[in-house]
Each structure stands twice: as C-alpha cells, then as structure tokens.
Number of protein chains: 2
Amino acid sequence: MTRNPRSSRPAVTTNVVVFTLRDDKLKLLLVRRRSDPYKGMWALPGGYVEADEDLDDSAMRALEDSTGVAGVYLEQLYTFGAPDRDPRGRSISVAYYALVPSEKLQLRTASDSEAIGWFALDELEPLAFDHNEMVHVAHQRLAAKLAYSTIALQFMPQKFTLSELQKVYERILNEKLDKRNFRKRVLALDQIDQTQEVRRNGSHRPARLYSVRNPGEVQIIR
Amino acid sequence: MTRNPRSSRPAVTTNVVVFTLRDDKLKLLLVRRRSDPYKGMWALPGGYVEADEDLDDSAMRALEDSTGVAGVYLEQLYTFGAPDRDPRGRSISVAYYALVPSEKLQLRTASDSEAIGWFALDELEPLAFDHNEMVHVAHQRLAAKLAYSTIALQFMPQKFTLSELQKVYERILNEKLDKRNFRKRVLALDQIDQTQEVRRNGSHRPARLYSVRNPGEVQIIR
DNA sequence: GCAAAAGTGTTCCAGATACACCCATGT
DNA sequence: ACATGGGTGTATCTGGAACACTTTTGC
C-alpha cells in the first residue's frame, strides 16, 4: 500500500437527507442547483469536505449553511462512490441523514439567494446525481430504526401531544397504527413525561402535552 | 458548491474487516505493515480506491489481493474520516466487513511475501491507524445482524452440523445458547435443509449434516 | 346537541424461554 | 461400561395485536 498520487484522488463530499414532519407529511429539504451539472434541478444539501474537517462536521456544516439549523440529530448513512456518479469526474459522497423537529424550521432562504424548500417524500421528482437513491436508503434506515430505537423523539418539539407523535410513526412507516397500542408502547419506553399542560386545538377535548425526558439522546431498545 | 481543487483532496481508501470462525474462535484477518507509518504493526487489509473502481469493487479487490478469496459476503460498514487518522495527511477510509466460511481459507501468504494471518478477536493487540475502532464497529454490526437476519449462514461451508452453526452464534454474541431453543429457531427460518449424510467426529453419536438453501443470500427476518 | 379528536383496558395469540433425559458412537 | 457430543418436547412467560366506548371541548 503505497501513497497514491494526488492526480487520481476522487473529490470527497457530504450530503444530508434532512427529514421533518410538516403539513402532516414527511418532508425533506432540497436545494436548487445554481450551476452545472444538473443546473436548475433539486438536490440534497451538501458540500466538499474541508481540509481539516471531520466528516460529521462537514455534514453538519452543509446542513447549517442551507438551513441555519444546528444541534439536530445527525447520523452517517452510507457512502456512495459509483465511478460515474458525478459527470465532472470521480467523486465520493458520504451521505448523512438528519431529523429536525417541526419548530426549528427557520429556513434562511434569503441568505445566499439559493432556492431551497421542503418537499413531500411521496411526491418527489427526479433529483440531481444519485440523490434519489440516497433519499431511498435514508428513508429505509429511518423506518427500520423506529422499530428498535427512540429515534422518533428527535422529530418532536419541547411539548407535544401523543397524537402528534403517532403521526410521526404513521407517516414514516406509511401505515395507520392503533391508538391504544401505540400509547401503551411509547409510554412503556419510559422516555417521555406527562406535563401539567394541555393544548386546546379545536372543537374537541384538549390534548395532554408531553416532553422528551432526554432530548438529544437516542436509545436502542429491545 | 463549486469544484474544489485537487490539492486539498483527501486520499480515499477502503479497508475490510474479514471475519471467520477458526479453532473455535471468532478471528479476523490482519496484514503486517511493511512500511511507515505503523511499520511492522498489524492492520486491516485495504488499499487506495482506483480511478475507475466502485467502492465495493475496491474492497473486494483488497480482500482478494490479501487472501485469494473471492465471492464472499461483503457489506459496507462505515466511513472513517477523522482529519488526523493518517499521519501522512488527510485520508478517508470506507470500511467494509466480510464473512468467510472456514473452508475457503486459502491464504496465499507467499504471493507477495506479506505477513498475514488470523487473529482472535478477543486477544487483539493495538492495530495501525484507527483499525481497532473499525473492528469494534464491525463486531457490533455483525452481532446486531444475527438477531434480525440470516447472516450467520455466510460463515458455513457447504455441509455443516447444527452444533457448528450454534458455535458461530455463541462466539459472535459471546454467550451460551440453549441447544433445543437454538435448533427450533434456526430450523424455523426455513433456510437450511437436512441432508442424508452424517459426520462421524469422535467417540459419540454422529451429527446430521445440513446445507444452506440459498447460499449467498442474506434474508431479513422478523 | 352534535361533531371531532382525546383518552382508556382486556382478551388473545405467537414467539421466546426454561428445562432434563435418551441416543449413537469410539475406546 | 463409560465418556462424549447429538438429538428431542412441553410448560410457561411475555410482548404484540385486535378491538369499542366514554370524555371534553367548540360551535
């Protein structure tokens, strides 16, 4: 294993699949490309890995640059490196996924006049590069993790109702869940606390508000 | 997102954590480094990603070059990219793990006079680079996959006994399993077939031999 | 009073666990 | 005959799934 020449090195980037729940749908954050290749198409936020930057930091920075959001759950997903994935030349992308609670969405569209926005996962158009594949893998991973971790809590704001939490599960798994079984299950996790507050939300009984006991922590269960 | 200069690009490598079961222990394949850095220390097999090579192919090639073994189970694990992980300069390694059945072990140590060998996972010395960490992550992933996939069958040769299969589980999970419950469970997977043969193996009752129904396939269960 | 979402328990089933003895062979 | 690993069944426990009615509010 000898040192390879710089001339043959691939470019290394990170991309982030940012999920949130909004308008009762699972959505993700896309950026419109301002230059070729794929100029004008929507793509995942991302960027080149800086000289002295850890991969996680690079992904976090890509996310912050496009959204202004920091401190959200971020996890490495998979590394994509098909030789033809970038028409400009050899490129490797370390893909991440992130979960942001609906409250933190303070998109700073104005900042660099980039067009960015939230798109429903189930009405996604073709994206730049291999980004559709990244989205697919991220969604799969997220759905799998619901079953054996407390990752869904990363979507929740400080105070939330159990119905809202159930919606998160239902939208990610794409199936309706039983209300009683669901409540039993999430309360048994011992990771959310009832508060004294309720939320009045329409012409029906107010909903009790809950809070996450250890925000930022994701536990493996079962 | 503009094209970054070649001068700042990291080197990209793959490394492979190759597991097998041998001498009743979970072992992995290591190569002794012939040059600095970490000259003389043991390291995971690996190499630079070639100009027109897919990441999977690169890992497979690294494995073949060191062992002569091909066609084994290989899966991407995680990408390691701490800025200081290689003292020579910025480097990113896409780590894989591989499972080889004990029969396929035809190490061609002679081929390029590299020192290579199998080492018990639980008596591992400090390795070069961040390779101990890679091993740790690979072992964790492997143990987790036992619970929800048929991945353990990738360790088995064409014909094997249920006791041998049980040993695979026990060595990976590091715990003893109940013989009757184990057999019930693996037979219920409907992925292994009884053969008409038995193996005479010592001064005791011969063991029935089984074969994997779909070798090469790993199914997700539960 | 009625529409609409919030809240609440019990029964049933399947899969996991715990557990002990006989079998076939080599020496 | 005895030592050694191979092979087998049942009772129990536990977590998941199915399922319907009452409560509180706004209008």
Side-chain angles (χ1 to χ4, degrees), chain A residues 21 23-24 143-150 152 156-157 159-171 173-211 219-222, chain B residues 21 23-24 143-150 152 156-157 159-171 173-211 219-222:
Chain A
L21 214 82
D23 307 330
D24 201 32
K145 279 227 161 184
L146 282 195
Y148 65 89
S149 79
T150 59
M156 308 318 290
K159 305 274 175 70
F160 57 93
T161 70
L162 292 186
S163 298
E164 286 165 353
L165 182 55
Q166 184 171 346
K167 275 278 191 301
V168 168
Y169 278 80
E170 290 181 339
R171 290 303 168 265
L173 296 175
N174 236 334
E175 59 180 332
K176 264 191 78 72
L177 300 176
D178 178 81
K179 203 202 308 187
R180 281 172 290 189
N181 292 337
F182 176 80
R183 286 168 185 239
K184 234 182 304 172
R185 189 152 61 88
V186 297
L187 290 175
L189 292 179
D190 217 42
Q191 290 296 320
I192 62 181
D193 297 309
Q194 208 180 79
T195 70
Q196 292 316 307
E197 303 166 58
V198 292
R199 175 179 300 154
R200 242 160 279 268
N201 208 14
S203 54
H204 54 78
R205 179 171 173 174
R208 173 122 272 143
L209 291 176
Y210 291 79
S211 64
Q219 313 230 2
I220 305 299
I221 52 184
R222 207 162 333 179
Chain B
L21 213 82
D23 308 330
D24 202 32
K145 279 226 161 184
L146 282 196
Y148 66 90
S149 79
T150 60
M156 307 319 289
K159 304 276 175 69
F160 58 92
T161 70
L162 292 186
S163 298
E164 288 166 352
L165 182 56
Q166 186 172 342
K167 276 276 191 298
V168 169
Y169 278 80
E170 290 181 338
R171 292 302 168 266
L173 297 174
N174 236 333
E175 60 179 331
K176 266 191 78 69
L177 300 176
D178 179 81
K179 204 202 305 187
R180 281 172 290 191
N181 293 337
F182 177 78
R183 287 169 184 237
K184 232 182 306 172
R185 189 152 61 89
V186 297
L187 291 175
L189 293 179
D190 219 42
Q191 291 296 319
I192 64 182
D193 297 312
Q194 207 180 80
T195 70
Q196 293 314 307
E197 302 166 59
V198 293
R199 175 179 298 155
R200 244 162 279 267
N201 208 13
S203 53
H204 53 79
R205 177 171 176 175
R208 174 121 271 143
L209 292 176
Y210 291 78
S211 63
Q219 312 230 1
I220 304 300
I221 53 185
R222 205 166 333 182

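Just so it is clear, the structure is predicted and the values come from calculations on it, not from any experiment.
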Report yes if a side-chain nitrogen or oxygen of [X] is closer than 4.0 Å to either non-bridging phosphate oxygen (OP1 or OP2) of [N]; otherwise report no.
{"X": "A/Ser203", "N": "C/dA4", "result": "no"}
{"X": "B/Ser163", "N": "D/dG6", "result": "yes"}
{"X": "A/Arg200", "N": "D/dT25", "result": "yes"}

Result for 5'-nearest mapping on DNA chain C, choosing between B/Arg222 and A/Arg205, is A/Arg205
Of A/Ala207 and B/Pro206, the one whose nearest nucleotide on DNA chain C sits closer to the 5' end is A/Ala207
Using atom [atom1] of [X] as one end and atom [atom2] of [N] as the other, report the distance to the nearest whole Å.
{"X": "B/Gln166", "N": "D/dG5", "atom1": "CD", "atom2": "C1'", "value": "12 Å"}
{"X": "A/Arg208", "N": "D/dT25", "atom1": "CZ", "atom2": "P", "value": "11 Å"}
{"X": "A/Asn201", "N": "D/dC27", "atom1": "CG", "atom2": "C1'", "value": "15 Å"}
{"X": "B/Ile221", "N": "C/dG15", "atom1": "CD1", "atom2": "P", "value": "12 Å"}
{"X": "A/Arg199", "N": "D/dG26", "atom1": "CZ", "atom2": "C1'", "value": "17 Å"}

Strictly below 4.0 Å, heavy-atom distances to any atom of DNA chain C: list the hits from residues 174-188 of chain B, or just say none.
B/Asp178, B/Arg180, B/Asn181, B/Lys184
Looking at [X] and [Y], what are the two nearest heavy atoms and their distance?
{"X": "A/Thr150", "Y": "A/Gln191", "answer": "CG2-CG, 4.1 Å"}
{"X": "A/Ile220", "Y": "A/Ser149", "answer": "CD1-CB, 4.1 Å"}
{"X": "A/Leu146", "Y": "A/Ala152", "answer": "CD2-CB, 3.6 Å"}

Is the shortest side-chain heavy-atom distance between A/Thr161 and A/Leu209 below 4.5 Å?
yes
A/Ile192 side chain reached by A/Leu162 side chain, heavy atoms, under 4.5 Å:
yes
Listed nucleotide nearest any side-chain atom of A/His204, set C/dA16, C/dG7, D/dT25:
D/dT25
For the residue pair A/Phe160 and A/Tyr210, categorise the inter-ring angle as parallel (less than 30°), tilted (30 to 60°) or perpendicular (more than 60°).
tilted
Residue pairs, two or more places apart or on separate chains, that pass salt bridge (Lys or Arg N to Asp or Glu O under 4.0 Å) and touch residues 190-211 of chain A:
A/Lys159-A/Glu197, A/Glu164-A/Arg199, A/Asp190-A/Arg213, A/Asp193-A/Arg213
